[in-house]
Amino acid sequence: MTAATRRVAVLGATGSIGRQALEVIDAHPDVDVCALASGSQPLDEIAHERGVQHVQVRGDLTVLLEASQPDLVLNAVVGFAGVGATLWALERGVTLALANKESLVAAGDLAVAAWKRGGGLLLPVDSEHSALFQCLEGRARETLDSVVLTASGGPFRNHSSADLESVSVEEALAHPTWSMGPKVTIDSATLANKGLELIEVHYLFDLAYDRIEIVVQPTSVVHAIARFRDGAALAHLGHPDMRVPISFALTYPERSATTAAALDFAAGLDLHFEPPDHDRFPLLALAREAGERGGIYPCAFNAANEVAVQAFLDERIRFVDIAPLVAQALELVDGAPASDVAELVAADEEARRLAGGTVTRA
């Protein structure tokens, strides 16, 4: 390890993003893993192969981060569990490569305030947000008109409402373009993932919700578009390969080479767009409403959705029950803003309790 080596803490190391991040790191001698964390899977072999001493399975991620003192935190933890690590990095000005969109959605204003105090770099790892970051980098913010996030539409894009009544867990996990973990794959099928990403864009780029549009681009080749005040639009294109945004974040600003295939424009590309169907996929509109209401509503949306998705994966509710469960939890929560992390945790727990009660009665 040289003096210029970038020391990275990989949180969520056994998940889809974490495993691909380790592949990217292994290809770069100037990037070193200094800490590993997982939610449940053992890390002994991964840690031994890389000589990593700071390892944690479950537990408080901030304890691991304090002990390892990374230069960069890759937060690929799933769900609200990633909030503490996100706030730790932002508060201290440690570069944060953020794949855990839920922590920014849930923490919201608390995360933005910590980011401002710390003054560090926040590099989004989600493909769409990484795409927007690249489209906007170096451009005067006043020239920006609006942005467009793309969604694949998921495995049920062409299903009727009647068809959705009986879809199985296996069918919902069969994403047509991306290879992801189970939670985010179900979120992609319901379009809740795009709703979470909508809220994340609001906080990442300080954009009003009416300047953020969602469209369906079924081949997942166009990841995001930035529209400018002169009528021009810049789009970020590429194959649906998470190694690209992961590498961009871990090696920024060098933009190192990856093994991802280049697009062959001469071979012909399907780049058609279509609007999302809010009637069949109501979680997208619910997320926008939660974001616009502010306070702890985004946190509650995320918490209730996590409970509902797990209930569906456990086959305790149907696919079409996920959105009504989230909607009911949002109706019952107190939306007052959280003034600190303790209040945020309490709001998360309350939303989970409300959603869990609905699952029990389903």
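Here the structure is a predicted model, which is why all the values come from computation and not from measurement. We count residues from 1, following the sequence as given. These values consider heavy atoms only, across backbone and side chains, with no hydrogens, waters or symmetry-generated copies.
- Residues Y252 and F248 place their aromatic rings such that the two centres sit under 6.0 Å apart.
- Judged by distance alone, the side chains of R243 and T259 do bring a donor and an acceptor atom under 3.5 Å apart.
- Contact check on D32 versus R7 returns no salt bridge, with no Lys/Arg side-chain nitrogen under 4.0 Å from an Asp/Glu carboxylate oxygen.
- Side-chain contact check for T219 and D270: no donor-acceptor pair (N or O, by modelled atom type) lies under 3.5 Å.
- For the residue pair S161 / E165, no side-chain donor-acceptor distance below 3.5 Å is found, with atom types taken as modelled.
- In this view, E200 satisfies the salt bridge (Lys or Arg N to Asp or Glu O under 4.0 Å) rule with no residue, not counting sequence neighbours.
- Checked for salt-bridge contact, R227 and E213 meet the test: a charged N lies under 4.0 Å from a carboxylate O.
- Salt bridge status for E197 with K194: present, with a side-chain N to carboxylate O gap under 4.0 Å.
- The local environment of NE2 in H272 is crowded, with over 12 non-hydrogen atoms from other residues, nucleotides or ligands closer than 6.0 Å.
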For this session: Given side-chain hydrogen bond (donor to acceptor under 3.5 Å, both in side chains), test S152 with H175 step by step and report yes or no.
Result: CA-CA 9 Å; S152 70; H175 197 280; 3.1 Å; yes
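- A side-chain donor-acceptor contact under 3.5 Å links E66 and W88.
- Under the ring pair (Phe, Tyr, Trp, His ring centres under 6.0 Å) criterion, Y203 pairs with no residue, sequence neighbours left out.
- Under the rule for a side chain to side chain contact (heavy atoms under 4.5 Å, CB included), the partners of R288 that lie at least two apart in sequence or sit in another chain are L198, Y209, I214, E292.
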